[in-house]
Amino acid sequence: MTGTGDHEDAATYGATAQAAIRRPRTWWGRKGTAAKVESYTRISFHLFPVAQLVTALLSLTPVPARSALPVAGAVLVHVVLGLRLTGQALDWVAGRRAQPRRLLCAYVACGFAGAAIAALVLVKLPDDPPATYYTACAGTYVLFLAFGCGLGVLVLRTHRQSLVAVAVATFGGWLLGSALLPAPAAAALALSTLLSAGGLTLASRFSVWLLQAVYELDEARHTRARLAVAEERLRFGRDLHDVLGRNLSVIALKSELAVRLARRDRPEAVEQMEEVQRIAQESQREVREVVRGYREPDLFTELLGAQGVLSAAGITCTVTGTPTGLPRPVQAALAWVVREAVTNVLRHGNAAHCRIALTVLPVGPRAKGRPPVAELTVENDGVPSAPAPSPGSPDSTGGHGLAGLRERLAAEQGTLEAGPAGKSAFRLVARVPVPADEVAEAGVPAGDASERARQELE
């Protein structure tokens, strides 16, 4: 029986996974939270060089072509290096490659060289240039230093190194400006470089810190999941030890006693071996109960999982009712129904809506003398118009999956009905009687079971 259950579990989960794989999902939807944050960060930083290129070209529009071409060429080289540095720097932050120091040095050197070219263009302008000429060249000068610092700090490890980078960009820009421009112009450009480089550096460091924090949280989540699995394994091991340890010790002692009695031709040896047989059978039963409790599904979890899986597959899922108060055997039987039903919804047809309703019937004056019945209804649309498979096939109404559900429900005196409901809908109804002394709060109506389940699980 245990082996059959394992095969059914594997088939159910395998079918769910295959159905999820078959359904096409967007590039963004296939990513996890950490991957989404990393993609957003990469896109944002790759837009920095693009913004530098667009701003510089628009600024150089009024400048004569002979003067603007050298600056535009330097901007283009700086942008290409910036795009490459951004990708390698974020790979380094993620721990996928070594620190790109050579590329950083080339990028910084190109930035200072471009700033020098922009300053030379300022020097070569006419004696009384239009304000637009001066603004364009000065702005390009600042862009080289500011973006060079803002993207360069991605390769630095500490905040102190980032502050040093801002100071170097500002002081280096002031020295370069003082060598080629009047003192007031050099001071103004240095102040602009300080503000621009400081703002871009702050944004870059914050983005890197946020990305690293998301990586750490994702790793912590995986670690917590692994610890939960390890803790569950330890609990299962303790349960098996508690069940088998004492009984095996008794079996060993009684077997030794039976051997000694048999050597003396004492008739009590048979009684001892019968006791050993009884204890062994009792141990086997207890182990089965432990394994069954370990593998027993939880209805709260299955309802949450059904809603999550169907929503991820693009199917609107509505869950009503709550399993609060239902006995554990009833919840376990209905949990298998939810699991199999969701698998069938994903495997067959092209459903857009799915409704899962859990109620306890009958409740009221007419229910006298009859035990309440927990009724689970799973209904979905999008059933294909093709003829249904033959009753002997695995996926038909009488198929292997539903046949297994009927066997599970039969163990709790439950029933299962499955079939079309209208032209393009399929309905599965499972009913399990609830002992009157255990109904507790099971008949209390509830709204969204997912919200109630989250509160219970937390």
Side-chain angles (χ1 to χ4, degrees), residues 8 12 15-16 297-307 309-310 315-349 351-364 366-367 370-384 388-389 391 393-435 439 442-450 453:
E8 292 177 356
T12 301
T16 304
D298 181 73
L299 187 52
F300 276 124
T301 305
E302 291 300 328
L303 290 174
L304 279 177
Q307 196 168 37
V309 169
L310 293 176
I315 301 174
T316 303
C317 180
T318 304
V319 180
T320 57
T322 173
T324 301
L326 290 176
R328 295 295 302 174
V330 176
Q331 291 196 34
L334 295 179
W336 286 111
V337 175
V338 173
R339 184 178 295 181
E340 178 67 20
V342 171
T343 301
N344 289 336
V345 171
L346 293 172
R347 291 178 63 185
H348 307 299
H353 303 278
C354 181
R355 180 179 66 89
I356 303 176
L358 176 64
T359 56
V360 178
L361 299 172
V363 288
R366 299 182 180 180
R370 289 182 296 173
V373 176
E375 181 181 275
L376 178 70
T377 303
V378 182
E379 183 176 346
N380 67 283
D381 59 1
V383 175
S393 64
D395 296 325
S396 64
T397 302
H400 299 166
L402 297 183
L405 287 182
R406 288 190 175 93
E407 293 178 0
R408 293 181 184 276
L409 293 176
E412 302 296 333
Q413 289 76 47
T415 60
L416 180 69
E417 297 177 3
K423 295 182 179 180
S424 61
F426 187 87
R427 181 183 300 154
L428 186 147
V429 181
R431 298 183 180 92
V432 180
V434 182
V439 66
V444 179
D448 189 356
S450 64

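Positions are given from 1, in the same order as the sequence printed here. All values below come from the heavy atoms of this structure, side chains included, with hydrogens, waters and symmetry mates left out. Here the structure is a predicted model, which is why all the values come from computation and not from measurement.
For Trp336 against Leu405, the heavy-atom pair with the smallest separation is O-CD2, 3.4 Å. When all heavy atoms of Val330 and Pro433 are compared, the pair lying nearest together is CG2-O, 3.9 Å. For the residue pair Phe426 and Ala418, the shortest heavy atom distance occurs at CZ-CB, 3.9 Å. Nearest approach of Ala351 to Ile315, heavy atoms of both residues: O-CG1, 3.4 Å. Between Gln331 and Pro323, the shortest heavy-atom distance links the atoms NE2-O, 3.2 Å. Listed here is the closest heavy atom pair of Ala352 and Asp381: N-OD1, 2.9 Å.
Remark: Arg427 engages Glu379 in a side-chain hydrogen bond (donor to acceptor under 3.5 Å, both in side chains) (not counting sequence neighbours). Contacts of Glu417 classified as side-chain hydrogen bond (donor to acceptor under 3.5 Å, both in side chains), with partners at least two apart in sequence or in another chain: Arg431. Listed by chain and number, the residues in a side chain to side chain contact (heavy atoms under 4.5 Å, CB included) with Ala306 are Val338, Val342, Ile356 (sequence neighbours excluded).
Here the straight-line distance linking atom CG of Asn344 with atom CZ of Arg339 works out to 13.5 Å at 0.5 Å rounding. Between atom CG of residue Leu326 and atom CG of residue Leu334 there is a gap of 7.0 Å, rounded to the nearest 0.5 Å. In this structure, the separation between OG1 on Thr377 and CG on Leu428 is 8.5 Å, given to the nearest 0.5 Å. Distance check: Cys317 SG to His353 NE2 gives 11.5 Å after rounding to the nearest 0.5 Å.
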Point to revise | Worked check of side chain to side chain contact (heavy atoms under 4.5 Å, CB included) between Leu358 and Leu299 | key: CA-CA 11 Å; Leu358 176 64; Leu299 187 52; 4.0 Å; yes

